[in-house]
Amino acid sequence: MSRHGASLDSWDSVMPMEAAALPKFLLLDQDDRVLGHCLDAEDAFVEAPHDDQDVTIELLGCLPSQRMRNYLSGSKRYRQRNPLDVGGLRMLDLAGEPLADFWVGELFDWRPSTIDPQRVDVVADWGWDSPHASSRHVWEHWRTARPDRPDLWAGYTGADREEWLTIVRLQNRWRTRQPDRLPGRTYDLSGSHVTDKAGFYLAVGEAINGPGGYFGCNLDALNDCLRGRFGARTPFTLIWHDFQIARESLVTPFDGPDEPSTYYDVILSILQDHDVAVVLR
C-alpha cells in the first residue's frame with residue numbers, strides 16, 4: 001500500500017453510484033458531511049489496546065466524495081492546504097440506517113481497491129471508542145435486524161448485555177423522537193431478566209419506549225431521562241413485575257447520607273424523587 005500520495009490517476013472524474021453495493025460504513029468529516037461510502041472494514045472490532053499501542057482500521061471499498069478524491073489524488077502541499085478534517089465513522093444497518101458513530105483519526109495510507117478500481121481502500125487511526133472484538137455478534141444482531149419485540153437482549157449476559165446497552169444508548173440519537181407522553185400514564189416493567197444493572201436499564205427503556213428503547217444507562221442518565229425529553233413525563237406509574245429478582249440481584253452497596261443501601265434501593269429512591277409511583281409485583 002502506498003503512503004501519502006498514492007497514484008489514483010485511473011479514477012474517472014465522475015463518481016459512480018452503484019445501487020447494488022450497499023455500504024456498511026460512512027466516513028464523515030467534523031461537520032457530519034459524508035467523505036466516503038465504505039463497503040466493509042477490517043479491524044473495526046478490536047481487542048482492548050495497550051495505552052501505548054497504535055490501533056488502525058482499514059476501510060475497504062470506499063466510494064469517495066469528490067472532495068476526498070481530490071485530497072487523495074493531490075500533492076502533499078495540496079493536502080496540507082485542504083485537510084479533510086476527518087471526524088468519525090458511522091456504522092449502518094442493512095437498511096442503510098445509522099447505528100452508531102465512532103471516532104476515526106487521520107487517513108495515512110490508501111490505494112485503489114481490489115474490489116473496484118473506482119473505489120479506494122484506506123487506513124486510519126482507530127481505537128479508543130471502537131467496539132470490542134468479543135462483541136461482534138451483538139453488533140451483527142442489531143445490524144441485521146433491529147429489535148422488534150421486548151427482551152431480545154435477555155439471552156445475553158455480562159459484557160454482551162453491557163454491549164447491547166451501549167448500542168441502545170448510541171442509536172438513541174437517531175430514534176424518531178415523539179413528544180413526551182403526558183403525565184399520568186402507566187408503564188409495565190418486565191423484571192424477569194433484571195439480574196444485573198444493564199438488565200434494569202434495558203428493561204426500563206423498553207417499558208417506556210418499546211423494543212430497543214432507551215431510558216438511561218446509569219444512575220445519572222436515569223435522573224436525566226426522568227426530567228423529560230426521553231419519552232415520558234412524570235408523574236407516572238411504573239408497575240415493576242417480578243421485582244424481587246432485581247432486589248436479590250442489584251445488591252451493590254451504596255453508602256447513602258442516612259444509612260447504607262443497595263443499587264436496587266437507589267433506583268427506587270431516584271424514581272420516587274421524580275414522582276414515579278412504583279408498584280412492586
Side-chain angles (χ1 to χ4, degrees), residues 1-46 49 52-133 136 139-140 142-143 167 170-174:
M1 180 175 288
S2 301
R3 182 180 181 85
H4 282 315
S7 175
L8 301 173
D9 296 335
S10 61
W11 279 346
D12 295 335
S13 60
V14 178
M15 184 172 64
M17 298 297 291
E18 304 94 330
L22 297 178
K24 288 186 178 180
F25 298 93
L26 299 180
L27 185 64
L28 308 171
D29 70 8
Q30 294 180 10
D31 294 318
D32 222 31
R33 295 175 297 186
V34 176
L35 294 172
H37 300 72
C38 304
L39 295 179
D40 210 340
E42 288 188 358
D43 302 319
F45 296 86
V46 300
D52 58 350
Q53 179 182 356
D54 292 330
V55 180
T56 61
I57 185 172
E58 184 172 3
L59 303 174
L60 305 176
C62 294
L63 192 63
S65 66
Q66 191 61 55
R67 178 182 167 206
M68 182 173 170
R69 283 175 172 243
N70 293 342
Y71 176 87
L72 299 182
S73 299
S75 63
K76 180 178 180 180
R77 183 177 182 183
Y78 176 89
R79 291 192 298 274
Q80 290 173 339
R81 292 184 173 182
N82 300 276
L84 281 181
D85 296 324
V86 177
L89 189 69
R90 179 166 296 164
M91 183 184 291
L92 307 177
D93 64 18
L94 288 185
E97 296 298 321
L99 191 57
D101 280 1
F102 302 99
W103 174 88
V104 67
E106 179 190 2
L107 308 184
F108 59 86
D109 273 335
W110 53 84
R111 61 173 170 78
S113 178
T114 57
I115 298 174
D116 181 341
Q118 295 299 316
R119 295 175 178 269
V120 64
D121 297 338
V122 299
V123 178
D125 294 321
W126 180 244
W128 70 269
D129 67 343
S130 56
H132 197 272
R136 179 190 295 269
W139 286 89
E140 284 300 318
W142 271 79
R143 209 184 71 80
I167 299 171
L170 292 174
Q171 64 84 47
N172 179 64
R173 170 182 174 185
W174 293 285

Which residues pass the side-chain hydrogen bond (donor to acceptor under 3.5 Å, both in side chains) test with [X], not counting sequence neighbours?
X: R33; answer: D29
X: W139; answer: E163
X: S113; answer: D121

Just to verify, what does [X] make a side-chain contact (heavy atoms from CB on, under 4.5 Å) with, not counting sequence neighbours?
X: L39; value: A21, I115, R119
X: R77; value: S75, R81
X: E42; value: E58, L60

Compare every heavy atom of [Y] with every heavy atom of [X], then report the nearest pair and how far apart it is.
X: L107; Y: A124; result: CD2-CB, 3.5 Å
X: F25; Y: A44; result: CZ-CB, 4.3 Å
X: R69; Y: P64; result: CG-CG, 3.4 Å
X: Y71; Y: P83; result: CE1-CA, 4.1 Å
X: A41; Y: L59; result: CB-CD2, 3.9 Å

(request) Verify side chain to side chain contact (heavy atoms under 4.5 Å, CB included) between T56 and F108, making sure each step is shown before the conclusion. (result) CA-CA 10 Å; T56 61; F108 59 86; 3.4 Å; yes
If you measure from [atom1] on [X] to [atom2] on [Y], what distance do you get to the nearest 0.5 Å?
X: L170; Y: W142; atom1: CG; atom2: CH2; value: 10.0 Å
X: D40; Y: K24; atom1: CG; atom2: NZ; value: 4.0 Å
X: R79; Y: L72; atom1: CZ; atom2: CG; value: 8.0 Å

(message) Testing P23, C62, S65 one by one against H37 for a side-chain contact (heavy atoms from CB on, under 4.5 Å), which residue passes?
(response) P23
Under 3.5 Å donor-acceptor pairs involving side-chain atoms of residues 89-103, not counting sequence neighbours:
unit_1	atom_1	unit_2	atom_2	d
R90	NE	D101	OD1	2.7
R90	NH2	D32	OD1	3.0
R90	NH2	D32	OD2	3.2
R90	NH2	D101	OD2	3.0
D93	OD1	A95	N	2.9
D93	OD1	G96	N	3.0
D93	OD1	E97	N	2.8
D93	OD2	R146	NE	2.7
D93	OD2	R146	NH2	3.1
D101	OD2	R173	NH1	2.9

(message) Is the shortest side-chain heavy-atom distance between L28 and V34 below 4.5 Å?
(response) yes
(request) Under the salt bridge (Lys or Arg N to Asp or Glu O under 4.0 Å) rule, collect the residues that match up with E140, sequence neighbours excluded. (result) R143
(message) Whether the side chain of R67 engages the backbone of L35 through a donor-acceptor N/O pair (distance < 3.5 Å, no angle test) should be reported.
(response) no
(request) Check the pair V120, R111 against side chain to side chain contact (heavy atoms under 4.5 Å, CB included), reporting the backbone distance first and the verdict last. (result) CA-CA 6 Å; V120 64; R111 61 173 170 78; 5.7 Å; no
